[in-house]
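Read through the structure below, which is laid out as structure tokens, and then see the notes.
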Amino acid sequence: MDNLNIFDYMRNTKMEKESPLAARMRPKTLDEVVGQEHVIGKDKLLYRAILADKLSSIIFYGPPGTGKTTLAKVIANTTSATFTQINATVAGKKDMEEVVEKAKQEQGMYGRRTILFIDEIHRFNKGQQDYLLPFVEDGTIILIGATTENPYFEVNGALLSRSIIFELKPLSRENVETLIDKAVYDREKGMGAYDAVMDEDAREFLADLSGGDARHALNAVELGIMTTPRSQDGKIHFTLAVAQECIQKRVMRYDKNGDNHYDVISAFIKSMRGSDPDAAVYYLARMLSAGEDVKFIARRIMICASEDVGNADPQALNVAVSASLAAERIGMPEAQIILAHAATYVACAPKSNAACNSIFAAMQEVERTGNLPIPTHLQDAHYKGAAKLGHGTGYKYAHDYPNHYVEQQYLPYELNGKEFYSPTGNGYEVKIKEHMAKLKREAAGEQKKKGTTLE
């Protein structure tokens with residue numbers, strides 16, 4: 001080893017020792033990886049592809065601290081290809097051009113492939129992502145993208161079609177506990193040289209509150225060991241009290257502009273629709289704890305009150321609208337009570353999507369048949385000359401008839417007999433259904449007596 005290489009080795013070794021614990025603990029081989037068995041298990045495609053050095057372009061998608069960068073580093077240590085890494089938060093097109101140019105040289109001169117790892121790939125705009133397409137397509141580079149956002153929302157479809165997507169899950173509690181033990185007692189990569197002892201309840205507490213984020217748990221371990229004085233026995237005792245100081249609040253998996261935002265609000269709405277007030281208020285708490293805008297939550301409750309409750313309980317929309325106004329005027333923290341009031345009311349209300357289905361069906365009919373002529377007796381007759389056109393002629397004023405109801409042609413004649421709104425047998429819609437049936441039944445009886453026909 002020449003002097004330059006010795007200097008580089010010493011510098012890299014020093015930097016590695018001074019790196020944060022989470023970086024030092026990062027595995028270098030497949031066998032060292034903890035968790036993500038559904039992706040990296042020995043019988044899985046990715047495991048076999050890495051060992052065989054036959055990777056195609058891939059995208060790792062998952063929350064922070066689940067191993068996206070870790071797996072990319074393992075691939076870097078395993079493959080014979082040239083490995084290059086950039087971060088989309090700071091890199092631009094010029095950086096990618098340099099990578100592509102070097103990749104072409106490696107391929108042309110040495111027949112060596114280039115793997116380009118792009119962290120936070122969702123930060124690239126459409127133009128930057130499009131730039132990569134031809135080089136991914138012709139094999140100049142093998143792309144490994146990492147993103148915390150749903151790639152189907154944030155990555156170009158053309159790039160997705162050329163990549164295999166692997167979704168990484170939050171680590172299990174057992175996985176995090178395994179990593180914590182390694183961090184505390186491993187003398188080579190971990191904090192073993194500090195001679196610390198972690199209590200079982202402290203380890204369980206950290207694993208539980210880390211929310212499946214290995215990095216968060218390891219940062220807490222490092223902080224606790226580095227700041228806790230030694231006891232009389234010469235050891236650092238990592239107790240539950242120390243753990244509580246180092247990780248005071250559970251990590252919230254929630255990005256108000258990201259994928260988890262849509263997952264939580266989706267679960268909230270589906271819980272109200274499914275008449276589960278306990279689940280609804282739980283997801284409400286998740287959103288409020290993460291700082292979600294109360295106006296956004298209130299809007300979703302109002303929509304659910306019409307879409308999923310509708311006329312089965314006409315009061316649901318009134319409650320939701322009132323809650324929205326009250327929550328906006330009062331603000332947090334009291335607004336959480338008002339939102340819980342509305343969410344649990346909507347969740348417990350009888351359900352009907354008949355009103356929702358009616359407008360969708362009507363919109364489809366309008367799309368299909370266009371602007372059909374309105375029956376002349378329904379047309380406006382309040383202007384000079386309308387009578388000459390026959391507008392309004394023959395219109396029957398409903399209040400002049402028994403029950404304030406009379407049968408006549410309201411829909412365009414081409415849609416005669418078409419039904420859009422069909423009340424269900426739930427809640428107040430039972431009364432609506434009975435009322436409409438009674439009106440039509442009694443009107444038909446009156447017509448039969450008079451021998452009249454539908455006009």
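Note that the coordinates shown come from a computational prediction; the quantities given were computed from them, not determined experimentally.
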Could you check whether any side-chain N or O of D199 sits under 3.5 Å from a backbone N or O of D201, counting only pairs where one atom can act as donor and the other as acceptor? no
| query | Should E365 and R368 count as an ion pair when the cut-off is N to O under 4.0 Å? | reply | yes
Check: E154 main-chain N/O paired with Q129 side-chain donor or acceptor under 3.5 Å: yes
Sub-3.5 Å donor-acceptor pair from the side chain of R162 to the main-chain atoms of A158, do we have one? yes
Practice item. Decide side-chain contact (heavy atoms from CB on, under 4.5 Å) for T114 and T140; before the verdict, give the C-alpha distance in whole Å, the side-chain angles of both, and the deciding distance to 0.1 Å. Key: CA-CA 7 Å; T114 295; T140 301; over 6 Å; no
Candidate pair H122 and Y61, rule side-chain contact (heavy atoms from CB on, under 4.5 Å), full reasoning:
CA-CA 10 Å; H122 60 278; Y61 153 53; over 6 Å; no
Between K351 and T424, is a side-chain contact (heavy atoms from CB on, under 4.5 Å) present by the stated rule, with each step listed?
CA-CA 9 Å; K351 300 300 189 294; T424 67; over 6 Å; no
Exercise for review: Answer yes or no: are there more than 12 heavy-atom neighbours, outside Y131 itself, under 6.0 Å from its atom OH?
Suggested key: yes
Worksheet item: Would you find a donor on one side and an acceptor on the other, under 3.5 Å apart, between the side chain of S57 and the backbone of S163?
Response: no
- Query: Counting only heavy atoms not in E367, do more than 12 sit closer than 6.0 Å to its CD atom?
  - Reply: no
Ignoring hydrogens and angles, tell me if any N or O in the side chain of Q36 forms a donor-acceptor pair with the backbone of K169 under 3.5 Å.
yes
In terms of heavy-atom contacts, A202 and F238 come closest through CB-O, 3.6 Å
*When you measure from the side chain of E222 to the backbone N and O of N219, does any donor-acceptor pair fall under 3.5 Å?*
no
Report task. Begin with the C-alpha distance, continue with both residues' side-chain angles, and end with the deciding distance and a verdict on side-chain contact (heavy atoms from CB on, under 4.5 Å) for L132 and L116. Result -> CA-CA 10 Å; L132 294 171; L116 172 60; 4.1 Å; yes
>> When you measure from the side chain of K68 to the backbone of L168, do you find a donor-acceptor pair of N or O atoms at a distance under 3.5 Å?
In response: no
Next on the checklist: Please determine whether a side-chain nitrogen of the Lys or Arg among R112 and E106 lies less than 4.0 Å from a carboxylate oxygen of the Asp or Glu.
Outcome noted: yes
Check: Got a salt bridge between E177 and R173, using NZ or NE/NH1/NH2 to carboxylate O under 4.0 Å?
Finding: yes
- With the threshold set at 4.0 Å, does a side-chain nitrogen-carboxylate oxygen contact exist between K182 and E32? no
Q) Taking N311 for the side chain and P314 for the main chain, is one N or O donor matched with an acceptor at less than 3.5 Å? A) no
When you measure from the side chain of Q336 to the backbone N and O of P333, does any donor-acceptor pair fall under 3.5 Å? yes
Q) Is there a donor-acceptor pair closer than 3.5 Å between any side-chain N or O of T344 and the backbone N or O of H341? A) yes
